[in-house]
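Quick note on labels: first sequence line is chain A, next is B, and so on, each numbered from 1.
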Amino acid sequence: MNCIKITIDPENNVISVWNNGKGIPVIEHQKEKMFVPEMIFGHLLTSSNFDDTQKKVTGGRNGYGAKLCNVFSTKFTVITANKEYKKKFKQTWTNNMSKKTDPKISEFSGSDFTEITFSPDLEKFKMTVLDKDTVALLTRRAYDVAGVTKGVKVYLNGTKLPVNSFKSYCELYLKDKTMDDGAPLKIAHEVVNDRWEVCLTISEKGFQQVSFVNSIATTKGGRHVDYICEQVVSKLMDTVKKKNKGGVNIKPFQLKNHVWLFVNCLVENPTFDSQTKENMTLQAKKFGSTASLSEKFLKGVTSCGIVDSVTTWMKFKQQSELQKKCHSSKHSKLKGIPKLDDANDAGTRFSRDCTLILTEGDSAKSLAVSGLGVIGRDRYGVFPLRGKLLNVREASHKQIMDNAEINNIVKIVGLQYKNKYETEDSLKTLRYGKVMIMTDQDQDGSHIKGLLINFIQYNWPNLLKYHFVEQFITPIVKVSKQKESLSFYSIPEFEEWMRDTENWRQWKAKYYKGLGTSTMKEAKDYFSDMNRHRIMFDYHGADDDAAIELAFSKKKVEDRKEWLTSWLEERKRRKEAGLSDIYLYGKNTKRVTFNDFINKELVLFSNADNERSIPSAVDGLKPGQRKVLFTAFKKYENKEIKVAQMAGAVAELSAYHHGEASLMSTIINLAQNFVGSNNINLLQPIGQFGTRLHGGKDAASPRYIFTTLSPLTRILFNHCDDNLVAYQYDDNQKVEPVWYCPIIPMVLVNGSDGIGTGWSTRMPNYGARDIVKNIKRMLQGEEIVPMIPSYKGFIGTIEEIEPNRFAVSGEIAVVDDNTIEITELPIRTWTQTYKEQVLEPMLHGTDKTPPLIQDYKEYHTDTTVKFVIQMAADKLLRAEQEGLHKVFKIQTTISQANQMVRLNCIHI
DNA sequence: GTCCGAGCTAC
DNA sequence: TTGGGTAGCTCGGAC
């Protein structure tokens with residue numbers, strides 16, 4: 001068959017369907033004693049297709065369709081011509097198949113055809129004429145037929161339909177539709193095999209499908225559609241998830257809602273839930289064929305706009321989720337925010353005049369609260385921040401949503417994410433007209449200020465215009481002589497004063513490190529002189545925006561390098577010229593621009609961050625570590641001491657001004673000696689200092705563990721040097737030197753990790769003996785031998801795979817057909833982590849992968865690793881072919897690319 | 001998204 | 001109430 005002709009004549013209520021397929025046999029049926037065409041069209045319960053054991057991919061099964069058409073017609077005529085029997089057959093039924101003419105048989109010599117002409121019994125359908133809708137439906141069926149049959153021309157009322165393939169059929173649906181940007185819809189199309197053909201595009205109004213099973217239009221879809229849809233959606237799911245890490249949760253049906261799917265398939269003996277065959281119900285496993293979509297098609301699927309549309313939708317959803325975190329209207333009373341001391345007038349008509357003081361930590365809050373005693377609590381509220389605020393600039397949606405601090409600030413101030421605050425009037429919708437940041441007057445305090453500014457600027461740049469953010473500064477040094485007292489708000493200013501004041505030694509200086517240093521009385525003094533301590537931030541648009549972005553955008557890492565470098569050069573230049581350092585807060589400073597804040601204040605933090613995080617090239621130590629060593633040399637060369645106590649001693653003897661918790665972790669870090677930590681531990685670990693099971697995180701509390709200087713340390717850091725190194729002074733106290741001078745480069749021995757601002761460092765460990773040999777070579781003027789990283793106690797291998805890259809492999813061996821043994825893991829792959837992240841999923845299988853191993857047993861000690869793994873012989877064989885190291889993930893790489901060390905502190 | 005570690009912090 | 005443990009956050013680079 002290659003031609004179908006359909007005519008619909010609503011005026012005369014006649015429809016005819018003609019095709020040139022093989023005619024119906026014009027013979028008499030042996031049993032029933034009537035002609036076959038008559039049987040097919042005029043007698044119920046006859047069909048040649050009852051046998052379900054035969055697998056057929058045709059439409060009808062029980063032979064009802066044509067007969068029901070006859071029953072619901074006032075007139076029904078069949079003409080069929082059959083070349084084989086050289087006969088033509090014609091018969092007409094009337095009155096709903098109740099009357100019939102005798103069949104007319106005539107001789108015939110042309111080619112086969114069959115034609116059915118019928119007049120629907122309009123009365124039965126409660127119609128008077130074939131209405132427009134019905135004609136349209138029938139017309140559509142004509143197009144359907146044209147679309148789903150291959151190589152068949154379809155004529156409708158004498159005109160050939162412009163459809164020659166399933167794809168062109170699908171395109172008819174889409175020809176008037178465009179994407180949002182006016183571009184035509186992108187269509188993914190694939191002929192999967194001879195039974196399946198699939199088209200897909202984006203849908204704007206929920207899931208849509210057009211599908212055919214064995215040429216039957218399944219307008220409600222069914223299992224065949226689900227079958228394809230599942231494959232498509234799971235692919236989309238992967239892509240979207242990859243694109244949207246940490247965003248809103250997305251469910252498969254939400255993706256499905258953007259899909260418009262066209263399926264044309266052949267299924268063996270399909271089943272339906274009704275005679276109209278709108279919904280195919282056969283289970284996928286009985287289809288008799290499978291359709292695995294090609295990568296090319298799936299790529300088309302992901303690039304047809306669905307992913308973009310879903311991400312846009314998700315962004316919108318994210319916005320509205322964030323918006324939900326805000327209160328929709330201004331409340332005068334807030335509930336459920338612990339630690340908030342709300343201003344009495346917050347959220348009332350006076351809210352524009354209210355100021356929220358944000359403090360660094362709870363203790364600073366107490367200070368502010370005691371200050372409120374002076375200025376009153378009607379217009380001032382206080383809320384403590386806990387440590388470092390989230391950098392919202394490139395944070396994931398989830399992170400912002402879940403961040404308690406950010407949400408609280410938004411709620412307290414009454415901020416709306418959707419509001420742009422373009423006019424000064426719009427600030428009246430807020431509960432507070434201003435926020436005032438009050439942090440410690442140190443670099444980390446500046447950082448916290450910066451992070452808050454970053455948060456406001458990123459979400460509501462306009463607020464900055466209206467001086468929404470200001471800060472409260474406290475003195476950093478106070479000098480007093482008898483009853484006189486002077487406050488300084490920056491160290492350079494103090495130094496200038498010292499230079500200009502001849503008898504400055506007669507003054508007593510007190511440094512205020514942290515807000516906690518100030519007494520309650522001093523707090524009251526600060527607040528009574530609000531004018532002096534309140535600093536406004538001025539916003540001038542682009543300049544300030546750029547500065548804030550420079551400091552906090554993840555994309556500006558390179559710019560930060562340049563920023564810090566030029567700052568360092570400028571500082572050096574000023575020093576050489578005998579100028580004092582630039583400072584921001586002088587005696588009379590009342591306002592600063594954001595640009596100045598970033599470039600003059602925050603830069604100090606960024607620089608300090610590098611100074612404390614990036615080790616010196618000379619001794620491989622960071623200042624914190626050097627302070628520990630300094631103290632250990634001084635006091636604990638042969639004496640065991642509790643780590644917690646040593647931290648106290650370090651703070652005392654070396655003027656360590658930060659939290660003792662970090663110091664204790666630094667001490668523990670220096671003393672660890674498990675595989676992957678130090679090659680030569682400078683301190684002795686006496687007690688639980690952690691093991692390779694948890695990467696050292698299993699160290700006992702600093703109260704319980706003891707340490708003392710390791711005997712080797714004094715060999716590396718020779719006594720004689722103690723009098724030669726350049727000691728530093730803090731507040732007139734002699735503290736640790738700029739650097740120690742070990743006899744071999746310790747930065748190579750123990751490696752180093754550090755994360756600063758603009759730069760970071762990551763150095764592997766090298767073998768002390770290799771280093772010594774190389775140094776001897778250098779002393780003798782020979783070429784040095786390139787070294788590869790080496791870790792004490794590591795029994796795996798480290799090989800160079802390309803310049804500056806090394807492969808670190810554990811040890812894995814096959815014991816017998818279904819047993820393997822892992823006896824070493826790569827450096828910094830901790831036993832417990834490995835077990836949880838690699839072996840457990842292999843044992844239980846994941847969503848995507850079936851279980852690979854049957855069982856594993858552990859025989860580790862604190863220093864050695866031993867997993868004995870049981871697995872099926874065939875799986876082991878396959879794993880071996882693929883490479884055991886790869887399958888069991890016991891190979892990692894380390895790179896020599898990021899070896900930043902501090903050279904600029906070398907003074908010789 | 002995770003890790004690394006010297007910093008800030010609170011529950 | 002106190003001791004002990006847990007938790008959030010920054011920062012850059014490598015996976």
Could you give the CZ-to-P distance, from A:R828 to B:dC3, as a whole number of Å? 13 Å
Return the value, rounded to whole Å, for the distance between atom CD1 of A:I667 and atom P of B:dG7. 11 Å
Mind checking if A:R393 touches a base, just sugar-phosphate, or nothing, with heavy atoms under 4.0 Å? nothing
Measure from CG on A:N607 to P on C:dC11 and round the result to the nearest Å. 15 Å
Assess the side chains of A:Q399 and A:N403: does a donor N or O sit below 3.5 Å from an acceptor N or O? no
Within the structure shown, what part of the strands sits under 4.0 Å from A:K554 by heavy-atom distance: base, sugar-phosphate, or nothing? nothing
A:D753 CG to C:dA14 C1': how many Å, rounded? 11 Å
If each of A:Q837 and A:D440 is mapped to the nucleotide of DNA chain B with the nearest heavy atom, which maps nearer the 5' terminus, i.e. the 5' end? A:Q837
Going by atom types alone, do A:S710 and A:N681 pair a side-chain donor with an acceptor below 3.5 Å? no
Does A:E360 reach a base, just sugar-phosphate, or nothing at all? Heavy atoms under 4.0 Å. sugar-phosphate
Contact class for A:G695 (heavy atom, under 4.0 Å): base, sugar-phosphate, or nothing? nothing
Indicate, with a heavy-atom threshold strictly under 4.0 Å, whether A:K697 touches base, sugar-phosphate, or nothing. sugar-phosphate
If you assign A:R703 and A:G387 each to the DNA chain C nucleotide with the nearest heavy atom, which residue ends up on the more 5' nucleotide? A:R703
Establish, with yes or no, whether the OP1 or OP2 oxygen of B:dT2 is under 4.0 angstrom from a side-chain nitrogen or oxygen of A:W830. no
Roughly, in whole Å, what's the span from NE2 in A:H658 to C1' in B:dA6? 9 Å
A:E405 near the nucleic acid: base, sugar-phosphate alone, or nothing, with a heavy-atom cut-off under 4.0 Å? nothing
Whether A:H447 and A:F605 hold their rings parallel, tilted or perpendicular, with breakpoints at 30° and 60°: parallel
Closest approach to the side chain of A:N403, judged atom by atom: which nucleotide of C:dC11, B:dA6, C:dC9 is it? C:dC9
Under 4.0 Å, counting only non-hydrogen atoms across every strand here, what does A:Y656 touch: a base, just sugar-phosphate, or nothing? sugar-phosphate
CD of A:E611 versus P of B:dG7: gap in Å, rounded? 11 Å
Reckon A:T666 has a side-chain N or O less than 4.0 Å from the OP1 or OP2 of B:dA6? yes
Would you please say whether a donor-acceptor pair under 3.5 Å links the side chains of A:Q688 and A:D698? no
Out of B:dA10, B:dG7, C:dC9, whichever nucleotide has its closest atom nearest the side chain of A:L390: C:dC9
Counting the atoms with a prime plus P, OP1 and OP2 as sugar-phosphate, which does A:T893 contact under 4.0 Å by heavy atoms, base, sugar-phosphate, or nothing? sugar-phosphate
I want to verify a distance call: between B:dC8, C:dC11, C:dG12, whose nearest atom is closest to the A:R560 side chain? C:dG12
How do A:K556 and A:R805 order along DNA chain C: which one's closest nucleotide is nearer the 5' end? A:K556
Just N and O in the side chain of A:H447: are any of them under 4.0 Å from OP1 or OP2 of C:dC9? no
Does a nitrogen or oxygen in the side chain of A:K388 sit under 4.0 Å from OP1 or OP2 of B:dT9? no
Rounded to whole angstrom units, what separation is found between the CG atom of A:D609 and the C1' atom of C:dC9? 13 Å
How about A:E394: does its CD atom have over 12 heavy atoms from other parts shown lying under 6.0 Å from it? yes
note: A:D362, atom CG; C:dG8, atom C1'; distance rounded to Å ~ 14 Å
Nucleotide nearest A:L451 when distance is taken to its side chain, options C:dG13, B:dG5, C:dT10: C:dT10
Please tell me if A:N669 has a side-chain N or O lying less than 4.0 Å from either OP1 or OP2 of B:dA6. yes
Any side-chain N or O of A:K561 less than 4.0 Å from the OP1 or OP2 oxygen of C:dG13? yes
Consider the side chain of A:Y704, meaning its heavy atoms from C-beta on, and name the nucleotide among B:dA6, C:dG12, C:dG4 that approaches it most closely. C:dG4
Using a cut-off of less than 4.0 Å, is there contact between a side-chain N or O of A:Q625 and OP1 or OP2 of B:dA6? yes
Phosphate oxygens OP1/OP2 of C:dC9: is one of them under 4.0 Å from a side-chain N or O of A:Q399? yes
Looking at every strand, decide which applies to A:T757 at a 4.0 Å heavy-atom threshold: base, sugar-phosphate, or nothing. sugar-phosphate
Please determine whether a side-chain nitrogen of the Lys or Arg among A:K627 and A:D730 lies less than 4.0 Å from a carboxylate oxygen of the Asp or Glu. no
State, without any angle test, whether A:Q471 and A:Y585 hold a side-chain donor-acceptor pair at a distance under 3.5 Å. yes
